[in-house]
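Down below is the structure, laid out as structure tokens.
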Amino acid sequence: MQKYLLLAVALLTTAVTFAQKKFTYNDLSDGLFASKTVRGVRSMNDGIHYTTQEGSAIVKYSYETGEAVDTIVNTKNTTPALNFSDYEFSSDERKILLTVDPQAIYRHSFTADYWIYDIAGNSLKKLSDNGRQQVAQLSPDGQKAAFVRDNNLFWVDLNSGKEVQVTTDGKRNEILNGIPDWVYEEEYSFSRAYEWSPQSDYIAYYRTDETNVKEYNMNFFEDSLYPTVYKFKYPKAGEENSTVTIHVYNLANGSTRQMETQTGGEHYIPRIVWTANPGKLAVFRINREQNHFELLYADAKSGEAQVIYNEANPRYVERIDYETVTFLPDGDRFIIKSEKNGYMHLYLYSIRKGALNRITDGAWEVVSLLGVDDKAGKLYYTSTETSPLKRNLYSIRLNGKDKKRITTGEGTYTINFSKGFKYFISYFSNISTPNTVTLHTADGKAVRVLEDNATLKARIAEYGLPQKEFFTFTTSEGVSLYGWMIKPPHFDNTKKYPLLMTQYSGPGSQRVSDSWKTDWEDALAQEGFVIACVDGRGTGFRGEEFKKCTYKDLGNLEVKDQIEAAKYLGSLQFIDPERIAIYGWSYGGFMALNCILKGNDVFHAAVSVAPVTSWRFYDTIYTELYNGNPNDNPEGYDNNSPINYAELLKGKLFLAHGTGDDNVHIQNTYRMVKALNEADKEYELHIYPDRNHSMGPDRKHLINAAIEFLIRTIGDNGGNE
């Protein structure tokens with residue numbers, strides 16, 4: 001009887017296992033395993049309410065109860081009725097700036113029509129009738145707004161409607177006022193290059209002279225008889241950059257003063273920030289080599305500037321952003337985020353006294369400074385203290401004492417604080433848990449669950465979605481690397497499976513983390529593939545030395561690590577070492593090409609999308625930061641350029657690129673194709689007309705083609721059988 005019972009249980013288990021549904025990439029792209037979340041939460045000034053955009057309405061909610069307490073505006077009911085895509089409150093929350101009909105330019109920039117909604121008067125008014133604008137912003141006092149049109153800066157008195165033109169020399173591909181050039185927008189991640197002073201009496205703005213920057217030309221084919229030629233300024237590594245100066249416009253008298261930010265050599269200005277002291281502007285300056293960062297303290301009236309902080313590094317100073325320097329309300333102290341002692345940490349400084357104390361310390365990294373509660377004398381940050389693969393929330397006093405871990409889960413937290421730090425919304429996931437969104441008080445006490453993704457969890461069980469598994473291995477050079485693996489459904493340890501390695505590998509990046517994510521590789525696993533990802537040297541969150549060891553030699557150590565990872569994985573009993581492929585996009589595409597060429601005895605297929613094929617073709621800020629100037633380091637550019645190793649190709653190669661890629665130009669792939677042709681090598685080429693770096697709506701076609709390629713070349717039913 002017991003034997004028959006065990007047999008029945010075994011048969012039932014098998015039936016349940018084989019009843020689990022198979023899915024495709026189309027299912028994934030249609031949202032089969034998409035996590036629900038809570039988006040667009042914007043804290044109001046009182047710190048106990050927040051707003052969200054719900055269709056054409058801005059709705060006000062209570063943090064404590066989660067109940068809607070007011071509909072601030074519904075533009076379906078206004079005159080005229082509007083469909084807006086974004087909104088911004090004035091500092092006093094009496095007016096709202098609405099963004100209507102945005103039309104993209106590059107990654108962050110767009111033109112739009114802007115409207116002002118007056119809450120008390122229930123009135124709607126267009127910001128300007130003189131043409132579309134860019135980067136409109138309300139002044140802190142809510143009485144004015146600034147914007148850029150045709151590369152010139154303007155401001156508007158919202159009471160009278162008077163429009164004032166601040167600059168007059170703006171001209172496309174020559175002079176830009178209040179907006180950045182392409183390379184600043186892409187690499188420093190901002191599109192609005194001006195800042196209102198806290199008192200609304202000054203506007204500090206960038207003036208960018210790109211006259212001498214060389215142009216890149218792109219053809220757009222569209223549906224026209226003749227292609228449209230689009231020209232824009234793109235400084236490639238070693239070439240001339242724009243000249244950037246900082247100016248301050250005085251609204252009271254209409255005068256403009258240039259700040260004294262110039263040096264004897266070339267430099268970048270990644271950020272400008274007004275301090276709490278009236279008329280005092282902080283200017284972030286870094287030399288072209290990007291190994292010497294200076295913080296300038298400039299006077300709006302005189303233009304005079306003094307250095308109040310400087311940092312040098314034998315390789316490079318990590319990318320400058322708004323978290324690099326945080327000024328405190330007292331007008332004197334500021335926090336520096338820096339990896340100058342080997343790991344990214346926080347330091348307290350004074351304008352008057354200089355260095356005060358180190359706030360955080362240890363062989364781990366501060367990932368994000370979330371804010372400073374000046375009244376409580378402490379700050380909040382996320383870090384890798386428990387593991388380079390995890391993120392947790394901590395608080396600590398400005399003197400570096402009383403550090404407290406607030407979040408308790410093992411995985412990755414993203415945190416959104418309310419103003420005043422009374423509440424925070426936690427977005428948590430780990431390798432086995434989809435996104436869970438919860439509301440907490442500042443000390444971590446749970447208030448309620450906002451989204452638990454219960455439906456998604458049930459669907460994951462229904463489909464038997466294979467779970468990622470972490471692993472580590474040590475290379476022949478003694479370097480320990482982290483990785484994850486996905487095994488196919490009905491995995492059989494005695495069978496030999498094809499392997500796809502997926503990676504990005506760029507400096508400071510991370511693809512191996514304890515967080516939830518599904519992507520096209522999960523669909524490929526359904527076809528009987530093992531998927532693996534390894535973060536090699538040069539990737540982030542393991543300290544400065546691990547990240548910067550690839551400096552001036554991009555594509556050397558990273559490729560060695562992927563080859564060693566493939567050899568290690570190929571030695572496992574369930575991996576077929578004769579069927580190993582590698583995939584990557586952008587920097588990852590550069591890596592995929594190098595791996596199948598320099599590792600041609602290990603990799604048998606590669607999918608390379610929008611690859612850099614020579615760092616000489618990429619922009620100044622990114623490339624020179626990590627690889628130096630090609631005029632000083634030609635070997636670092638040429639020794640690892642895949643176009644110089646085309647004759648080494650043995651395996652199957654899938655290349656794809658969009659002709660409208662303003663970031664990694666299709667020139668890269670065309671040069672690779674030329675080298676492959678000259679070496680008489682076979683490959684597959686997929687060109688996507690007018691598509692940019694992300695491929696837009698053609699992404700589904702691209703990924704399905706890549707899946708078909710991998711199944712055909714190294715899959716169980718492919719040419720290797």
Open item on the list: For a quick test of reading the model, state the closest non-hydrogen atom pair linking Gln562 to Cys595 and the distance between them.
Closed with: CB-SG, 3.7 Å

Task: Value rounded to 0.5 Å, distance of OH in Tyr622 from CG in Asn627 - done: 9.5 Å

Open item on the list: Going by salt bridge (charged side-chain N to carboxylate O under 4.0 Å, His left out), name the residues that satisfy it together with Arg107, two or more places apart in sequence or in a different chain.
Closed with: Glu186

TODO: State which residues pass ring pair (Phe, Tyr, Trp, His ring centres under 6.0 Å) with Tyr268; sequence neighbours excluded, sorted by chain then number.
DONE: none

Task: Polar contact flag, side-chain donor to acceptor under 3.5 angstrom, Thr475-Glu477 - done: no

Open item on the list: Testing the 3.5 Å rule here: is there a donor-acceptor pair between the side chains of Glu289 and Asn287?
Closed with: yes

Open item on the list: Quick check: do Val534 and Val512 have side-chain heavy atoms less than 4.5 Å from each other?
Closed with: no

Donor-acceptor contacts, no H, no angles, side chain residues 582-590, under 3.5 Å, sequence neighbours left out:
| residue | atom | partner | partner atom | Å |
| --- | --- | --- | --- | --- |
| Trp585 | NE1 | His693 | O | 3.0 |
| Ser586 | OG | His693 | NE2 | 3.0 |
| Tyr587 | OH | Glu558 | OE2 | 2.6 |

Open item on the list: Can you list everything that forms a side chain to side chain donor-acceptor pair (under 3.5 Å) with Lys674? Sequence neighbours excluded, please.
Closed with: Glu678

TODO: Please say whether the positively charged group of Arg192, taken as NZ for Lys or CZ for Arg, lies over the ring of Phe190, i.e. under 6.0 angstrom from the six-membered ring centre and within 45 degrees of the axis.
DONE: no

- [ ] State the CD-CD1 distance between Glu195 and Ile272, to the nearest 0.5 angstrom.
- [x] 5.5 Å

- [ ] Assign the ring pair His665 / Phe232 to parallel, tilted or perpendicular, where the plane angle (0 to 90°) is split at 30° and 60°.
- [x] perpendicular

- [ ] Would you check if there is a donor-acceptor pair between the side chains of Ser476 and Glu564 at a distance under 3.5 Å?
- [x] yes

Open item on the list: Tell me which pairs pass side chain to side chain donor-acceptor pair (under 3.5 Å) where either residue lies in residues 217-234, with sequence neighbours left out.
Closed with: Tyr106-Tyr230, Arg172-Tyr230

TODO: Indicate yes or no: at least one non-hydrogen side-chain atom of Phe541 is less than 4.5 angstrom from one of Lys547.
DONE: no

TODO: Sequence neighbours left out, what passes side chain to side chain donor-acceptor pair (under 3.5 Å) with Glu323? Give chain and number order.
DONE: Lys337, Ser368

Open item on the list: Is the shortest side-chain heavy-atom distance between Leu481 and Thr472 below 4.5 Å?
Closed with: no

Task: Partner of Tyr25 under side chain to side chain contact (heavy atoms under 4.5 Å, CB included), chosen from Asp522, Leu524, Ile707 - done: Ile707

Task: Test side-chain hydrogen bond (donor to acceptor under 3.5 Å, both in side chains) applied to Thr208 and Glu210, step by step - done: CA-CA 6 Å; Thr208 300; Glu210 57 179 1; over 6 Å; no

Task: Ser242 and Asp209: CA distance, side-chain angles, deciding distance, side-chain hydrogen bond (donor to acceptor under 3.5 Å, both in side chains) verdict - done: CA-CA 5 Å; Ser242 298; Asp209 185 344; over 6 Å; no

Task: Flag for Asn629-Asn631: side-chain donor and acceptor within less than 3.5 Å - done: yes

Open item on the list: Phe617: which residues meet the ring pair (Phe, Tyr, Trp, His ring centres under 6.0 Å) condition with it, sequence neighbours left out?
Closed with: none

- [ ] For Asn310, check side chain to side chain donor-acceptor pair (under 3.5 Å) against everything at least two apart and list the hits.
- [x] none

Task: Check: Arg699 side chain, Ser29 main-chain N or O, donor-acceptor pair, under 3.5 Å - done: no

Open item on the list: Quick one: does any side-chain atom of Glu684 pair with a main-chain N or O of Leu653 as donor and acceptor, under 3.5 Å?
Closed with: no

TODO: Could you tell me the separation between the CD atom of Gln667 and the CG atom of Asp661, rounded to the nearest 0.5 Å?
DONE: 11.5 Å

Task: Asn177 and Asp169: CA distance, side-chain angles, deciding distance, side-chain hydrogen bond (donor to acceptor under 3.5 Å, both in side chains) verdict - done: CA-CA 8 Å; Asn177 293 291; Asp169 59 348; 2.9 Å; yes

Open item on the list: Can you confirm whether more than 12 heavy atoms, excluding those of Lys517, are under 6.0 Å from its NZ atom?
Closed with: no

Task: Cationic tip of Lys340 above Tyr347 ring, under 6.0 Å, 45° of axis - done: yes

- [ ] Write down the atom of Asn594, the atom of Ser641, and the distance for their closest heavy-atom approach.
- [x] OD1-C, 4.3 Å

Open item on the list: Let me confirm one number: the OG-CE distance from Ser614 to Met672, rounded to the nearest 0.5 Å.
Closed with: 11.0 Å

TODO: Using ring-ring contact (aromatic ring centres under 6.0 Å, His included) as the criterion, point out the one residue from Tyr316, Tyr626, Phe546 that pairs with Tyr551.
DONE: Tyr316

Task: Qualifying salt bridge (Lys or Arg N to Asp or Glu O under 4.0 Å) pairs, either residue in residues 614-632, two or more places apart - done: Arg288-Glu624, Arg616-Asp638

Open item on the list: Tell me whether Asn639 at atom CG has more than 12 heavy atoms from other residues, nucleotides or ligands lying less than 6.0 Å away.
Closed with: yes

Task: Distance under 6.0 Å and angle within 45° of ring axis: Arg271 vs Tyr322 - done: yes

Open item on the list: Let me confirm one number: the NE2-CG distance from His686 to Asp698, rounded to the nearest 0.5 Å.
Closed with: 12.5 Å

Open item on the list: I want to check something: taking the side chain as every heavy atom from C-beta on, are His267 and Ile286 in contact at a cut-off of under 4.5 Å?
Closed with: no

Open item on the list: Looking only at the aromatic ring of each residue, does the gap between the centers of His657 and Tyr688 stay below 6.0 angstrom?
Closed with: no

Open item on the list: Apply side-chain hydrogen bond (donor to acceptor under 3.5 Å, both in side chains) to residues Ser191 and Glu185 and explain how you reach the verdict.
Closed with: CA-CA 6 Å; Ser191 59; Glu185 176 179 337; 5.9 Å; no

- [ ] Decide whether Thr502 and Glu521 meet the rule of one side-chain donor and one side-chain acceptor closer than 3.5 Å.
- [x] yes

- [ ] Verify, without hydrogens or angle tests, whether Asn556 (side chain) and Thr550 (backbone) share a donor-acceptor contact under 3.5 angstrom.
- [x] no

Open item on the list: Going by side chain to side chain donor-acceptor pair (under 3.5 Å), name the residues that satisfy it together with Gln510, two or more places apart in sequence or in a different chain.
Closed with: Arg391

Task: Residues forming a ring pair (Phe, Tyr, Trp, His ring centres under 6.0 Å) with Tyr645, sequence neighbours excluded - done: none

Open item on the list: Just to verify, what does Tyr205 make a ring pair (Phe, Tyr, Trp, His ring centres under 6.0 Å) with, not counting sequence neighbours?
Closed with: His247

TODO: Give a yes or no answer on whether the side chain of Trp484 reaches the backbone of Arg511 with a donor-acceptor pair at less than 3.5 Å.
DONE: yes

Task: Whether Thr474 side chain and Gly478 backbone form a donor-acceptor pair below 3.5 Å - done: no

Open item on the list: What verdict does the salt bridge (Lys or Arg N to Asp or Glu O under 4.0 Å) test give for Glu339 and Lys548, after you've listed the backbone C-alpha separation in whole Å, the side-chain angles of each residue and the deciding distance to 0.1 Å?
Closed with: CA-CA 11 Å; Glu339 58 184 357; Lys548 294 183 179 178; 3.1 Å; yes

- [ ] Return yes if a side-chain donor-acceptor contact under 3.5 Å exists between Thr620 and Glu239, otherwise no.
- [x] no

Open item on the list: Using the rule given for side chain to side chain contact (heavy atoms under 4.5 Å, CB included), can you reason through His604 versus Thr713, listing the C-alpha separation, both sets of side-chain angles and the distance that settles it, and then say yes or no?
Closed with: CA-CA 9 Å; His604 304 278; Thr713 55; over 6 Å; no

